[in-house]
S.K.: 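Structure in structure tokens, see below.
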Amino acid sequence: MNKSDPNLAASFPSSDEEFNNRSSNVSGDDLNRMSGEASPMAMSPWNQASPFQPSPWFTTGIDNSNSQKNGTQVNQTEGLVGSLVREEGHIYSLAATGDLLYTGSDSKNVRVWRNLKEFTAFKSNSGLVKAIILSGDRIFTGHQDGKVRVWKKNKKDPKYHKRVGTFPTLFDILKSSMRPKNYVEVKRKTTALWIKHCDAISSLSIDEDEGLLYSGSWDRTFKVWKTSNSKCLESVKAHEDAVNSVVSTKSGLVFTGSADGSVKVWKREGSGKSMKHNHVETLLNQECAVTALAVSETGLFVYCGLSDGLVNYWEWEKELAHGGLLKGHKLAVLCLSSAGSLLFSGSADKTICVWKKEGNQHNCLSVLTGHTGPVKCLAVEREAEKGSGDAKWVVYSGSLDKSVKVWNVSEKMSPEMKMGSSENIVRY
């Protein structure tokens, strides 16, 4: 299997002219497929939203002002809290900080939500938003056209977001293009600048202490960027097929997972122009595509989601040793997120498994159901402390059913709480 997005039937167009006629054999079975091609439904102007018009979203959620309905107490402590439902696009990326949620889709908009209500939005002309990373007052977005865009919140008016950069910058592209040595061979015996991704960005990861941003791409590479000046410091030809996930750690290790079925470990050495990421280990090498990676907060566990529905994990002792397999999904695992002692896995089978780590064992604590399409992305934030000793989390799940669902999960969550309570619909 060499598809980098299992169970996704179409890719979506980018607006930059240089990518519209570019062919790719990385992200699909058809070698003549263009990564800029899209279905007529996706390209229809009726399916394109604008932040300057009334929002096409509505929310379904718990009415906090009315905790009783028909004499029945509504339990809001665990389970499904509510949904953000979008009428004309799939949800491909999420990022959360505090009470804010950022959602990326194929509509060219990044929308910002607060307490299940739309807070603001900003528009990118690049099409599909495949990854979002938050760092302070900056937002990094990875796109179908192979570029990373940087946005900044206005300090006086947090609803206003301004684009402040693009990786790579136009100046760096022009400067690099002057030297033949800056061109490298890519697929199909063609050449391209090494500082540019030549296919869609699939994943972003940030090392805030070092000021480094990592981007993984369907062009089989990951690139390392200096966030302070937008410079591409290094490009690593990492795999034989699309890179579907990249995760950096504070220890200087970087993990990459690919549609070629492998998980590789890279060690960062040096700094600045002398920085190099050396391949130190291959954790997995098999036929099923690697679709997602996650590293626990402690850095002691590494998780890998596969297209066959399994989750592999490794435990760090003196070295990384394989810990076992987690079997909870019937179809491909599409996303992973680790928080505290919990691991969340979203799947093409429309469910989210909640795994609890106890020692070196993992047990399925609960299964969150309610989506009607594949669960493509997850974001997890710790809930504000309310006097309880149990860690509680707010989980956001984005799906190809065009919705984002919001869940409350505790580390002692019981299986019967998985469905949450009934929802009221609030339309804007």
S.K.: Output the distance between atom CG (Leu336) and atom OG1 (Thr291), rounded to the nearest 0.5 Å.
M.R.: 7.0 Å
S.K.: Check the side chains of Thr351 and His371 for a donor-acceptor pair under 3.5 angstrom, ignoring hydrogens and angles.
M.R.: no
S.K.: May I ask you to say whether Asp145 pairs ionically with Arg149, meaning some side-chain N is under 4.0 Å from a carboxylate O?
M.R.: yes
S.K.: Atom CG of Asp308 and atom SG of Cys288: how far apart are they, to the nearest 0.5 Å?
M.R.: 3.5 Å
S.K.: Just to verify, which of Thr169, Val148, Leu213, Val150 counts as forming a side-chain contact (heavy atoms from CB on, under 4.5 Å) with Ser230?
M.R.: Thr169
S.K.: Taking atom OH of Tyr313 and atom CG of Leu300, what is their separation to the nearest 0.5 Å?
M.R.: 13.0 Å
S.K.: Nearest heavy-atom pair of Leu400 and Ile91: which atoms, and what distance?
M.R.: CD2-O, 4.0 Å
S.K.: Donor-acceptor check, side chain of Asn244 to backbone of Val290, threshold 3.5 angstrom: yes or no?
M.R.: yes
S.K.: For residues Lys264 and Thr256, is any side-chain donor paired with an opposing acceptor at under 3.5 Å?
M.R.: no
S.K.: Is it the case that the side chains of His143 and Thr141 hold a donor-acceptor pair, with the cut-off being a distance below 3.5 Å and no angle test?
M.R.: yes
S.K.: Are His322 and Asn312 close enough that some pair of their side-chain heavy atoms sits under 4.5 Å apart?
M.R.: yes
S.K.: Can Ile201 and Trp218 be said to form a side-chain contact (heavy atoms from CB on, under 4.5 Å), step by step?
M.R.: CA-CA 6 Å; Ile201 289 177; Trp218 288 355; over 6 Å; no
S.K.: Check each of Tyr214, Trp266, Phe255 against His277 using the ring-ring contact (aromatic ring centres under 6.0 Å, His included) test, and report the only one that passes.
M.R.: Tyr214
S.K.: So, Asp207 and Arg268, do they make that salt bridge, N to O below 4.0 Å?
M.R.: yes
S.K.: Identify the residue among Leu343, Val367, Leu368, Asn363 that makes a side-chain contact (heavy atoms from CB on, under 4.5 Å) with Val354.
M.R.: Leu368
S.K.: Heavy-atom count check: over 12 atoms from other residues, nucleotides or ligands less than 6.0 Å from Lys152 NZ?
M.R.: no
S.K.: Assess the side chains of Trp113 and Thr103: does a donor N or O sit below 3.5 Å from an acceptor N or O?
M.R.: yes
S.K.: Do the rings of Tyr303 and Phe301 sit parallel, tilted or perpendicular, given the 30° and 60° boundaries?
M.R.: parallel
S.K.: Is a donor on one side and an acceptor on the other found under 3.5 Å between the side chain of Ser107 and the backbone of Gly89?
M.R.: no
S.K.: Kindly give the heavy-atom pair with the smallest separation between Asp401 and Gly373, and that separation in Å.
M.R.: CB-N, 3.5 Å
S.K.: Which distance, rounded to the nearest 0.5 Å, do you find between the CG of Leu334 and the OG of Ser245?
M.R.: 12.0 Å
S.K.: Looking at Lys357, I want to see if its NZ is surrounded by more than 12 non-hydrogen atoms of other residues, nucleotides or ligands under 6.0 Å.
M.R.: yes
S.K.: I'd like to know if Asp99 and Arg114 make a salt bridge, using a cut-off of under 4.0 Å between side-chain N and carboxylate O.
M.R.: yes
S.K.: Looking at every heavy atom in both Val375 and Cys335, which two are closest together, and how far apart are they?
M.R.: O-SG, 3.6 Å
S.K.: For the pair Ser205 (side chain) and Val247 (backbone), establish whether a donor and an acceptor sit closer than 3.5 Å, ignoring hydrogens and angles.
M.R.: no
S.K.: Are any of the side-chain heavy atoms of Phe344 and Val409 separated by less than 4.5 Å?
M.R.: yes
S.K.: Using a cut-off of 6.0 Å, state whether more than 12 heavy atoms not belonging to Glu319 lie near its atom CD.
M.R.: no
S.K.: Just so I know, are the side chains of Val254 and Val265 near enough to count as touching, which here means a heavy-atom distance under 4.5 Å?
M.R.: no
S.K.: At their closest point, which heavy atom of Asp241 faces which heavy atom of Asp260, and how far apart are they?
M.R.: CB-N, 3.6 Å
S.K.: Assess, by modelled atom type and distance only, whether the side chains of Ser83 and Ser403 contain a donor and an acceptor separated by less than 3.5 Å.
M.R.: no
S.K.: Let me confirm one number: the CG-NZ distance from Leu342 to Lys392, rounded to the nearest 0.5 Å.
M.R.: 13.0 Å
S.K.: Is there a side-chain contact (heavy atoms from CB on, under 4.5 Å) between Tyr396 and Leu378 once you walk through the steps?
M.R.: CA-CA 6 Å; Tyr396 303 94; Leu378 292 166; over 6 Å; no
S.K.: Tell me, with the steps shown, if Lys153 and Ile139 meet side-chain contact (heavy atoms from CB on, under 4.5 Å).
M.R.: CA-CA 8 Å; Lys153 291 188 292 186; Ile139 301 96; 4.0 Å; yes
S.K.: For Lys223 and Glu234, what are the C-alpha separation, side-chain angles and deciding distance, and is it a salt bridge (charged side-chain N to carboxylate O under 4.0 Å, His left out)?
M.R.: CA-CA 6 Å; Lys223 298 189 189 296; Glu234 186 183 7; over 6 Å; no
S.K.: Does the side-chain contact (heavy atoms from CB on, under 4.5 Å) test come out yes or no for Val311 and Leu306, once each step is laid out?
M.R.: CA-CA 6 Å; Val311 176; Leu306 301 174; over 6 Å; no
S.K.: Examine the side chains of His90 and Ser105 and answer whether a donor and an acceptor come within less than 3.5 Å of each other.
M.R.: no
S.K.: Quick check: do Ser262 and Asn285 have side-chain heavy atoms less than 4.5 Å from each other?
M.R.: yes
S.K.: Does the side chain of Asp137 reach to within under 4.5 Å of the side chain of Asn154, using non-hydrogen atoms?
M.R.: no
S.K.: Less than 4.5 Å apart, side chain to side chain, heavy atoms only: is that true for Cys304 and Val263?
M.R.: yes
S.K.: Look at the aromatic rings of His161 and Phe122 and report parallel, tilted or perpendicular, splitting at 30° and 60°.
M.R.: parallel
S.K.: Check Gln286 against Gly261 and note the closest heavy-atom contact, atom names and distance.
M.R.: NE2-O, 2.8 Å
S.K.: Please name the pair of heavy atoms, one in Glu281 and one in His279, separated by the smallest distance, quoted to 0.1 Å.
M.R.: O-NE2, 3.0 Å
S.K.: Using a cut-off of 6.0 Å, state whether more than 12 heavy atoms not belonging to Lys330 lie near its atom NZ.
M.R.: no
S.K.: Report yes if the side chains of His197 and Lys147 come closer than 4.5 Å at any heavy-atom pair, otherwise no.
M.R.: no
S.K.: Which pairs count as side-chain hydrogen bond (donor to acceptor under 3.5 Å, both in side chains) when at least one residue sits in residues 331-341, sequence neighbours excluded?
M.R.: Ser341-Glu411
S.K.: Is any side-chain heavy atom of Ser345 less than 4.5 Å from a side-chain heavy atom of Trp355?
M.R.: yes
S.K.: For atom NZ of Lys327, decide whether the heavy atoms of other residues, nucleotides or ligands shown that lie under 6.0 angstrom number more than 12.
M.R.: no
S.K.: From Ser215 OG over to Lys130 NZ, what is the distance, rounded to the nearest 0.5 angstrom?
M.R.: 13.5 Å
S.K.: I'd like to check the ring-ring contact (aromatic ring centres under 6.0 Å, His included) partners of Phe167; sequence neighbours left out, ordered by chain and number.
M.R.: Trp225
